[in-house]
Amino acid sequence: MKVIVVGSSHGGYEAVRGIISEAPDTEIQWYEKGDFISFLSCGMQLYLEGVVKNVNDVRYETAGHARSQGVSVFVRQEVTALDPGEHTVTVHNLDDDSTRSEHYDKLVLSVGAVPAPLPVPGADLANVYAMRGRDWAIRLKAKTVDPTVQNVAVIGAGYIGVEAAEVFAKAGKHVTLIDVLPRALQLYLDEEFTDTLTQTMREHGIYPAMGQGVKQFTGTDGQVSGVETDAGTYPADLVIISAGIKPATNWLKGVVDLDTRGLIDVDAHQQTSVPDVYAVGDATLVPFAPTDGMARIALATVARRQGRTAAKNILGQPMTMPAVSGASALSVFDYHFASTGLKEGTADQFGVKTQSIFVTDTVRPQFVPDAAGNAKVAFKLTYDPATKRVLGAQIMSTRDVTANINAISLAVQGKMTLDDLAYADFFFQPGFDRPWNIINVATQAALLGKT
Ligand code: FAD
């Protein structure tokens, strides 16, 4: 069997690994249009802040290692067309500009997404950047130490924008974080959490310009010098746009079924509308456990699970993509937060009625001093008021208590209720936790009708 995998990021990597680990004799051709395979944008902040020194280390896999496992790796080769009837793809070699046709028995598309451009005047000025992939990582790194860059404007206050803002604030730049939404990280956390994080960003030199739409970028000599919004004007020697992504699926229009946003329709086995063609990652929708529907969740965790699902099905081992709840975590200066599933701020867009309980506590018993690891923790649990089914949660502390959110993800996936969690058995040792874990505390309070 000959399998062609398009795209070398999380989804493509997992599909290749999933196949090769179980069926090492499979003929695999792995295509990447960039000049580097398997760069992890997830690790970009660690590189930009100098924790990881070499940009080439921010990856899962090397071409040499994959080749040693029998995989044919092609970089700077773009797959530009698909002929389902013939079971072929067209490959464009970007080095010598040649094209050729390659036959497949099974095809996996993990073409992902590209940063969505901002359709405003000045977006083509020099020093208007994005934050995704190795090339941008290298260019951004140079700007962190460029003395001519004093003012940085980040457009989009989701987790990528907040990562960018933190990187440049730590590099000593004046940072303005701009978003059309009223709160930073609004799609990840409710107000109880974002208020604290916004305050901490302010204290670290990031100016949050929230609730403002960008009207244009202004420039001098072809180079960006400022951002004009509908509420103000901000100086900027560098602009980083992190205002969403769009799927890299133009070339698939009219060949595989796409939705209006260009996302590839897949079934529970990651199969597209075309026989023997699978799709995974940011260019697809995913089953969303809290609503039992589909959702757009652009996370590496999702791409990896979809990649494995596609691999299993290609190998004739029927596997259904498990529903996910979109768990994610991030540090913002001294704070660590994580969230999963529905929040009050996002429930409406799914048409789901929710209720929430918000509690604060200390991570460890009160006699444990802060210097020994104690700190406040804030936790919010969201549930269905009619059935008491757990639908999501958010947690934040200056201590790393984010793993609690994985327990909530399991609860969401397993359709557990407040009653299931109220007295659930979690470990206690004063060096780690309290006898009633924050999940017990919150669910017990919710059952008493508190909010
Ligand atoms: P992509 O990562 O979009 O990669 C697609 C690849 O396919 C690219 O290399 C592209 O060049 C190649 N390609 C596309 N079309 C073709 C073609 N026609 N021919 C050949 N090659 C092609 N997720 C997390 O879970 N945790 C995190 O901490 C996290 N942090 C992130 C931080 C940043 C800054 C960013 C940008 C993203 C982060 N993500 C994180 C999200 C995660 O990176 C994405 O969900 C994931 O990369 C999606 O993988 P993918 O395989 O769908 O495609």
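First listed ligand is number 1; within each ligand, the first listed atom is number 1.
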For G11, the ligand 1 atoms with a heavy-atom partner under 4.0 Å come out as 51 (O)
A student checking ligand 1 against M131 at a 4.0 Å heavy-atom cut-off should list atoms 34 (C), 36 (C)
So for Q45 against ligand 1, with non-hydrogen atoms under 4.0 Å, the contacting part is neither
Can you tell me if N127 and D237 form a side-chain donor-acceptor pair at under 3.5 Å?
no
Per-atom filter on ligand 1: closer than 4.0 angstrom to a heavy atom of L299 are 23 (N), 24 (C), 25 (O), 45 (O)
Practice problem: Would you check whether E163 has a nitrogen or oxygen atom less than 3.5 angstrom from a nitrogen or oxygen atom of ligand 1? | Solution: no
The answer for which part of Y159 has a heavy atom under 4.0 Å from ligand 1 is side chain
Closest heavy-atom approach to atom 3 (O) of ligand 1 among R304, E14, R132, H92 is made by R132
G281 heavy atoms within 4.0 Å reach ligand 1 at atoms 52 (O)
(Q) Checking side-chain polar atoms at under 3.5 Å, does T340 have a donor or acceptor matched by the opposite partner on S409? (A) yes
closest protein heavy atom to atom 46 (C) of ligand 1 is H10 CD2, 3.4 Å
the protein heavy atom lying closest to atom 53 (O) of ligand 1 turns out to be G112 CA, 3.3 Å
Of K312, Q270, R305, H269, the one forming a side chain to side chain contact (heavy atoms under 4.5 Å, CB included) with M319 is K312
Ligand 1 to A298, heavy atom cutoff 4.0 Å, flagged ligand atoms 41 (C), 45 (O)
Worksheet item: When the ring planes of Y129 and W136 are compared, do they come out parallel, tilted or perpendicular, using 30° and 60° as the limits?
Response: tilted
- Query: Quick one: do the H87 and D276 side chains pair a donor with an acceptor below 3.5 Å?
  - Reply: yes
Short version for V111: what comes under 4.0 Å of ligand 1, heavy atoms counted, is both
Q) Would you say M44 and ligand 1 have an N/O pair spaced under 3.5 Å apart? A) no
*Is the closest heavy-atom distance from A248 to ligand 1 below 4.0 Å?*
no
Atom 11 (O) of ligand 1: closest protein heavy atom, distance to 0.1 Å, is E32 OE2, 2.6 Å
Original post:
Cut-off 3.5 Å, side chains only: do E61 and S38 have a donor facing an acceptor?
Top reply: no
Atom 20 (C) of ligand 1 sits nearest the protein heavy atom K33 N, 3.3 Å
When every non-hydrogen atom of S41 is compared with those of G133, the smallest separation belongs to OG-N, 2.9 Å
Here the atoms of ligand 1 under 4.0 Å from any heavy atom belonging to A113 are 3 (O)
re atom 49 (O) of ligand 1, the protein heavy-atom contact at minimum distance is S9 OG, 3.6 Å
Note: D282, heavy atoms under 4.0 Å from ligand 1, region reported as both
protein heavy-atom neighbour closest to atom 24 (C) of ligand 1 works out as A300 N, 3.4 Å
One finds that the ligand 1 atoms under 4.0 Å from a non-hydrogen atom of Q77 are 20 (C)
**Request:** Please check if atom CZ in F350 has more than 12 non-hydrogen atoms from other residues, nucleotides or ligands closer than 6.0 Å.
**Result:** yes
Of T301, V79, L46, L40, the one whose closest heavy atom lies nearest atom 18 (N) of ligand 1 is V79
field: Salt bridge present between D282 and R304 (N-O < 4.0 angstrom)
entry: no
**Salt bridge D95-R76, side-chain N to carboxylate O under 4.0 Å** = yes
shortest atom 26 (N) of ligand 1-to-protein heavy-atom contact is with C42 SG, 3.8 Å
**Study point:** F193/F358 under ring-ring contact (aromatic ring centres under 6.0 Å, His included): CA gap, chis, key distance, verdict
**Key:** CA-CA 10 Å; F193 302 86; F358 177 73; 5.7 Å; yes
- Should we count CZ of R134 as having more than 12 external heavy atoms under 6.0 Å? yes
for atom 7 (O) of ligand 1, nearest protein heavy atom and its distance come out as G7 CA, 3.2 Å
Contact region, W251 to ligand 1, non-hydrogen atoms below 4.0 Å, reads side chain
When you check the gap from the basic side-chain N to the acidic O, do R100 and E102 get nearer than 4.0 Å? yes
Which label fits F333 and H204: parallel for a plane angle under 30°, tilted from 30 to 60°, or perpendicular past 60°? parallel
